[in-house]
Colleague: 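I have a structure I would like to understand better, so I am pasting it below and will then ask my questions one at a time.
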Number of protein chains: 2
Amino acid sequence: MSQTSRSTPATLHDVAREAGVSLATASRSLNGSTRKVNEAYRQKVLEAAARLGYTPNLSAQAVARGTTTTVALLVADIADPYFSSIAAGVVGQADREQLIVTMAETERDPARELELVRAMRGQRPRVMILASSRRADDPAAEALQAELTAYEQTGGRVVFITATDSPFRTVTLENREGARALATRMLDLGYLRFGALTGPAGLRTAEDRIAGFTEGLVAGGSDLPADRTARCAFTRDGGYAGMRELIDRGLGDTQLVFALNDVMAMGAMSALRDAGLAPGREVAVAGFDDIPTVRDVTPTLTTVRLPLEEVGERALRLALAESDDESGAPVPTEVIVRDSTPRLTD
Amino acid sequence: MSQTSRSTPATLHDVAREAGVSLATASRSLNGSTRKVNEAYRQKVLEAAARLGYTPNLSAQAVARGTTTTVALLVADIADPYFSSIAAGVVGQADREQLIVTMAETERDPARELELVRAMRGQRPRVMILASSRRADDPAAEALQAELTAYEQTGGRVVFITATDSPFRTVTLENREGARALATRMLDLGYLRFGALTGPAGLRTAEDRIAGFTEGLVAGGSDLPADRTARCAFTRDGGYAGMRELIDRGLGDTQLVFALNDVMAMGAMSALRDAGLAPGREVAVAGFDDIPTVRDVTPTLTTVRLPLEEVGERALRLALAESDDESGAPVPTEVIVRDSTPRLTD
DNA sequence: CTGTTAGCGCCTTCAT
DNA sequence: ATGAAGGCGCTAACAG
């Protein structure tokens with residue numbers, strides 16, 4: 001029975017022989033679509049398969065069927081809560097759809113992203129979801145577009161998460177609108193003088209958020225002066241460094257700093273604290289995304305909620321949808337006011 | 001040139017024809033191991049491949065070669081920083097080894113885990129890494145073991161992350177030792193009366209940490225009274241609920257609560273805050289893992305550092321290693337004292 | 001309903 | 001060094 005030395009996985013052939021039926025019958029009772037096989041045979045096959053510990057070879061099925069059950073997911077940084085939440089959504093939905101997800105990390109490098117897309121095509125995934133951030137100045141953009149177009153022409157489907165001007169299906173995140181709503185809300189709370197950590201130049205998401213925030217301020221009669229902003233990486237450490245820079249340059253009478261995303265905001269609050277300033281009390285801070293941990297920092301962080309898991313789920317559903325225009329409504333966004341931006345009462 | 005309608009991916013056959021060589025030559029120049037092909041031909045093939053946008057079909061390669069380049073990763077919860085950090089390590093190392101990683105989520109359900117392992121075997125992955133938590137009372141344990149054994153007998157390699165009594169390769173995390181060291185250190189800081197959130201019964205990691213912590217306390221002349229502990233889920237919300245329960249039961253003169261892992265600790269601190277108690281000042285809190293965000297909470301969290309990304313990398317390296325005993329040294333652990341456990345000076 | 005027989009895309013002896 | 005041919009595990013007509 002239990003072999004102790006290395007062998008090969010049981011093959012469908014083995015199962016068929018063990019059950020005393022033909023290959024086709026075995027195939028049909030194990031994986032075939034609609035049941036058109038004698039129940040008695042079916043049983044024999046199932047038993048034989050169980051006895052042999054048979055598992056269909058997905059690669060073989062893929063070549064024979066000419067189609068896989070794979071979805072490829074590209075993210076910038078798996079350990080970043082923004083991406084891991086999206087990934088959780090994708091993986092969850094994939095599981096429900098009986099699909100397998102493979103994952104790769106671009107590390108925010110466009111050249112690397114292109115390479116990865118090329119490599120992933122080898123898997124012949126049914127769909128490719130690109131969640132790594134788009135940039136305006138991407139030199140590899142054209143090549144990427146070409147690669148993806150070719151991929152779609154051979155039956156694949158690509159879905160972007162938030163990059164509106166691509167010809168591919170997209171889960172639109174209302175970065176601009178959300179940031180604008182945030183600005184409006186902050187004005188309502190009595191804030192008048194704003195600063196911001198603006199993220200790296202050219203990063204699409206960052207630019208949209210800054211633009212929206214600025215719009216909101218301007219619409220409310222305020223503004224975002226350039227000397228109250230700092231460029232920095234789109235990460236926790238970037239947020240820390242950016243706030244540090246703002247502090248070094250002199251915060252002046254800045255009342256609130258918008259940090260573009262929650263991890264940056266958390267870094268920024270730590271920078272304030274390390275400089276002896278109390279976030280929320282002395283300088284208000286707001287983020288974007290509403291990652292889980294912002295409820296647990298002190299003060300709790302005001303932010304714009306993005307249902308990240310749902311975004312991941314939607315991305316996959318969108319990819320699998322028949323009709324092209326199913327992109328549907330953009331993902332709803334919601335301003336969540338917490339303790340990092342108390343109402344100003346003076 | 002650029003087809004506008006749907007077609008099929010270029011095949012090696014196409015490339016060969018386009019280059020005017022045989023299938024074999026094309027194969028050899030594109031993917032063959034050692035170069036034994038005329039440079040002129042080689043060039044022609046490469047050019048043809050580029051012109052056609054050819055990408056080798058990995059599934060086909062897999063069936064032909066009888067081996068894949070896939071590593072399957074099983075985690076409990078992708079969005080949890082503990083697992084996403086490990087995943088980042090695995091994916092990073094896989095990239096370096098030219099391997100593809102597929103990912104699935106057990107949602108902490110042993111039955112589901114078994115199912116997933118069975119399903120993943122269909123991919124014929126070279127290695128399978130199980131990072132989802134082991135439990136003592138798992139009714140599916142035997143079946144899982146059988147499944148994994150069968151998998152290894154057919155050439156696969158399984159690696160567990162922290163489950164010492166399995167017959168498979170394991171990346172050992174010194175949960176017990178780390179917790180013991182933490183206890184010792186807390187005693188050094190002057191703490192005398194301890195409580196703990198003990199996680200769900202039967203969860204291996206949780207039990208090791210509690211055992212180690214208790215050992216450390218006892219060795220130092222203290223103890224962990226049952227009435228100062230609370231069972232709860234191994235998550236942020238579990239930590240919150242557990243601390244809530246402790247508070248409701250009456251904290252008494254408890255000075256420090258050990259939370260088993262950082263996300264629980266963060267939940268616990270929020271529970272304290274919501275109850276009007278200042279974490280760190282009125283009740284000290286310690287966690288385990290050292291996930292990135294604990295530097296940004298207030299007070300910063302005392303914890304036991306586990307190099308999670310490195311754990312992921314090691315898991316894959318261990319899987320790929322020739323010799324069996326390369327399990328090597330357990331992952332080093334380090335107590336990191338931060339502001340949530342100030343020195344007691346009375 | 002069942003079995004036979006071509007493939008699917010690729011690799012790899014085996015001759016040449 | 002190159003090409004022809006068989007085979008990997010499975011599916012999908014196609015006959016029976």
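Quick note: numbers below take in every heavy atom, side chains included, and nothing from hydrogens, waters or symmetry partners.
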Colleague: Between S27(A) and dT11(D), is there a contact of a side-chain N or O with OP1 or OP2 at under 4.0 Å?
Modeller: yes

Colleague: Write down the distance between NE2 (H13(B)) and C1' (dC11(C)), rounded to a whole number of angstrom.
Modeller: 15 Å

Colleague: Can you measure L52(A) atom CG to dG9(D) atom P for me and round it to whole angstrom units?
Modeller: 13 Å

Colleague: Side chain of A64(B), heavy atoms from C-beta onward: which of dC10(C), dT11(D), dT2(D) has the nearest atom to it?
Modeller: dC10(C)

Colleague: OP1 or OP2 of dC10(D) versus the side-chain N and O atoms of T11(A): is any pair under 4.0 Å?
Modeller: yes

Colleague: Distance criterion of 3.5 Å, no angle test: do you see the side chain of R28(B) paired donor-to-acceptor with the base of dG3(D)?
Modeller: yes

Colleague: On DNA chain D, check which nucleotide each of N57(A) and G20(B) is closest to and give me the residue with the more 5' one.
Modeller: G20(B)

Colleague: Compare side-chain N and O positions of S22(B) against OP1 and OP2 of dT2(D) and report whether any pair is under 4.0 Å apart.
Modeller: no

Colleague: Choosing from dC10(D), dG3(D), dC11(C), which nucleotide comes nearest the side chain of L23(B)?
Modeller: dC11(C)

Colleague: Applying salt bridge (charged side-chain N to carboxylate O under 4.0 Å, His left out) to R134(B) and E113(B), what does each step give before you reach the verdict?
Modeller: CA-CA 10 Å; R134(B) 241 87 287 303; E113(B) 178 177 43; 2.5 Å; yes

Colleague: Rounding to a whole Å, what distance do you find between R124(A):CZ and dC10(D):C1'?
Modeller: 18 Å

Colleague: Between dT2(C) atom P and R42(A) atom CZ, what is the distance in whole Å?
Modeller: 11 Å

Colleague: Would you mind reading off the distance between R65(A) atom CZ and dG9(D) atom P, rounded to a whole angstrom?
Modeller: 17 Å

Colleague: Quick check on dC11(C): is either OP1 or OP2 less than 4.0 Å from any side-chain nitrogen or oxygen of Q61(B)?
Modeller: yes

Colleague: Output the rounded distance in Å from CD (E39(B)) to C1' (dA1(D)).
Modeller: 13 Å

Colleague: Do the charged groups of R17(B) and D14(B) touch, with an N to O distance under 4.0 Å?
Modeller: yes

Colleague: Among dG9(C), dG9(D), dC11(C), which nucleotide sits nearest the side chain of A60(A)?
Modeller: dG9(D)

Colleague: Please check the phosphate of dT2(D) (OP1 and OP2 only) for any side-chain N or O of N38(B) closer than 4.0 Å.
Modeller: yes

Colleague: When you match V63(B) and A24(B) each to their closest nucleotide on DNA chain D, which lands nearer the 5' end?
Modeller: A24(B)

Colleague: Counting distance only, does the side-chain N/O of E152(A) pair as donor-acceptor with the main-chain N or O of V158(A) below 3.5 Å?
Modeller: yes

Colleague: Quick one: do D95(A) and R112(B) make a salt bridge, cutoff under 4.0 Å?
Modeller: yes

Colleague: How many whole angstroms separate atom CG of N31(A) from atom P of dG9(D)?
Modeller: 15 Å

Colleague: Without decimals, in angstroms, what is the distance between L12(B) CG and dC8(D) P?
Modeller: 19 Å

Colleague: Does E47(B) come within less than 4.0 Å of K44(B), counting only side-chain N to carboxylate O?
Modeller: no

